[in-house]
Chemist: 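Before I ask anything, let me first share the structure, which is written out below as structure tokens.
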Amino acid sequence: MHDIKIIRDNPAAFDAGLALRALEPQSDRLIELDGQRREALGRQQDAETQRNALSKQIGAAKAKGDDDEFNRLRAEVDRLKGVLEEAGEQAAHFSEVLNQHLAAIPNLPFTDVPVGKEECDNQEVRRWGEPVELGFTARDHVDLGETLGQMDFGGAAAMSGARFVSLKGGLARLERALAQFMLDLHTGEHGYTEVSPPYMVRDEAMFGTGQLPKFADDLFRTTDGRWLIPTAEVPLTNLARDAIHPEASLPMRMTAYTPCFRSEAGSAGRDTRGMIRLHQFQKVEMVSLVAPQDSAAELDRMTGCAEKVMQLLELPYRVMMLCTGDMGFSARRTFDLEVWLPSQGCYREISSCSDCGDFQARRMSARYRAEGEKRPAYLHTLNGSGVAVGRALLAVMENYQREDGSIAIPEVLRPYMGGMDRLEASK
RNA sequence: GGAGAGGUGGCCGAGUGGUCGAAGGCGCACGCUUGGAAAGCGUGUAAACGGGGAACCGUUUCGAGGGUUCGAAUCCCUUCCUCUCCGCCA
């Protein structure tokens, strides 16, 4: 959510920011609405001032038993009522329209974000690791999983439809091992506190992180009007909502392992094979809440935490800075981690780390009070996958596959696999 | 699911139609006092929005939304949340 006062102070900069997102200028319209809102608000407040003064006199007259004065003042207040209602309605109307407009505008990109329209304009920042030389034709994770007899798309489709999967045996355990490894890393080494949050939330929470009002189509909704979380970013970030946090409590770093539910409306036909794009997948998420001056450094730190996961798993990856056109609604700067997939011969997204500035904090009124400051200020929010467990699973499968169809277990996961060093076909 | 009781400032807690943004207490901050500390005394201690360079001024806010009224923390309706008892249940 944008601050109308900032737009008012520098409309040209705001429109320039929108242009980076390939959006039309809006400052004129917004400032006009704000002017109408303030004009009406001023009239309303003047009328209220008069009414309050008169009401106090009425109280005094009543106390003195002066009926004439009492009735005279009452009539006077009566006349004010019309003004008050009319101005009040207008103020509320303009305020609502203004807020609707503001709520639908995405965050503006940070100055160093590459300008571009789509994925191919993203900027590679660095690479880590070399794509493995298998020495045989790489099979994809579907092929591998089904050969193992531990990955069942047909069974899942029969009960749930397309874009679901059922894992069993070693693969199910591997998924759990990955999650536990990531959580232990982030809580033990990276200073994140583990949280087990709700998976269903209200409208306000989805508005707070920016999924609503624009992206309802991407979400699943329960019959009683709640939403299934599309990422743990939603509940973790909203833990800070509607509060003023002491500066000493920052940075707040939280991590959670949760399922994520996405309708994948609009992605029909894309990634229909395998575990890349499902309606339900597991993810370890990181969320940081920091003072404004710390958010830029925190994004680098958070991206590093996600990279650490990849390095310990020895999965080759590259870091991309997303271009202005490819960033999510709430982000002002985003680094994606892309993992090498031998079967596709390319890098695919496995983590996305975003600095949202005060964009989400303003939407959910998450503030902090700096030491010695009288006025509270909005804190900055960041979120990142650390990393997507489902995609990590398939990345491990494909990168650690052997010619006989078995899959080696990465060193760091073996303690979580009961010492097992490979996955072989179920009997 | 049934029956009942509640939601007031950072916290506790008074307040059932009229100078109530709200007594009192605790906490916190500053000052006085003290050799120093404690105690004591004094002063201060919410947020949002609007106006102003600022000091400051105005409006709103007693869970939230709506209504009654000249005037609502106080009355009515809706809703959210908490607690107690019963039922059910992992």
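The sequence lines fix the lettering, A, B, ..., with proteins before strands; numbering per chain opens at 1. Worth knowing before you read on, the calculation uses all heavy atoms, side chains too, and leaves out hydrogens, waters and symmetry mates. Keep in mind the model is a prediction, meaning the values are calculated, not measured.
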Chemist: Identify, with sequence neighbours excluded, every residue that meets salt bridge (Lys or Arg N to Asp or Glu O under 4.0 Å) alongside A/Arg367.
Modeler: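 Expected list: none.
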Chemist: How would you list, by chain and number, every residue that makes a side-chain hydrogen bond (donor to acceptor under 3.5 Å, both in side chains) with A/Gln401, sequence neighbours excluded?
Modeler: none
Chemist: RNA chain B: A/Arg74 or A/Lys5, which has the more 5' nearest nucleotide?
Modeler: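 Its nearest nucleotide lies further toward 5', so the answer is A/Lys5.
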Chemist: Counting only heavy atoms and a strict 4.0 angstrom limit, can you tell me which residues of residues 42-55 of chain A come near RNA chain B?
Modeler: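 Contacts with RNA chain B under 4.0 Å: A/Gln45, A/Glu48, A/Thr49, A/Arg51, A/Asn52, A/Ser55.
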Chemist: Sort and list the pairs that fulfil ring pair (Phe, Tyr, Trp, His ring centres under 6.0 Å) and have at least one residue in residues 142-170 of chain A, not counting sequence neighbours.
Modeler: A/Phe164-A/His279
Chemist: Once pairs are restricted to Watson-Crick or G-U wobble with both distances under 3.5 Å, how does RNA chain B read as a dot-bracket string, [ ] for crossings and | for other-strand pairs?
Modeler: ((((((((.[[[..)..(.....]]]((((((.......))))))((((((....)))))).[[[[[..)....]]]]])))))))....
Chemist: Please list all pairs passing the side-chain hydrogen bond (donor to acceptor under 3.5 Å, both in side chains) test where one or both residues lie in residues 306-315 of chain A, with sequence neighbours left out.
Modeler: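 Every side-chain hydrogen bond (donor to acceptor under 3.5 Å, both in side chains) pair that includes a residue of residues 306-315 of chain A, provided the two are not neighbours, is A/Arg126-A/Glu307, A/Glu307-A/Tyr317, A/Gln311-A/Tyr317.
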Chemist: Reading RNA chain B from 5' onward, which residue's closest nucleotide shows up sooner: A/Ile244 or A/Arg226?
Modeler: A/Ile244
Chemist: Go through RNA chain B in 5' to 3' direction and return only the first and the last nucleotide with some atom under 4.0 Å of chain A's heavy atoms.
Modeler: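 Span of nucleotides near chain A: B/G18 to B/C81.
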Chemist: Taking side chain to side chain contact (heavy atoms under 4.5 Å, CB included) as the definition, give me every residue that meets it alongside A/Asp300, ordered by chain and number, with sequence neighbours left out.
Modeler: A/Phe335
Chemist: Could you check which residues of residues 197-212 of chain A get a heavy atom under 4.0 Å from RNA chain B? Sort them by number, please.
Modeler: A/Arg202
Chemist: Among all residues two or more places apart in sequence or in another chain, which pass the ring-ring contact (aromatic ring centres under 6.0 Å, His included) test with A/His245?
Modeler: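 Residues passing ring-ring contact (aromatic ring centres under 6.0 Å, His included) with A/His245: none at all.
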Chemist: For residues 31-40 of chain A, which residues have at least one heavy atom under 4.0 Å from RNA chain B?
Modeler: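 Only A/Arg37, A/Arg38 qualify.
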Chemist: Could I get the full list of side chain to side chain contact (heavy atoms under 4.5 Å, CB included) partners for A/Gln36, not counting sequence neighbours?
Modeler: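 A/Gln36: side chain to side chain contact (heavy atoms under 4.5 Å, CB included) contacts with A/Glu32, A/Leu33, A/Phe94.
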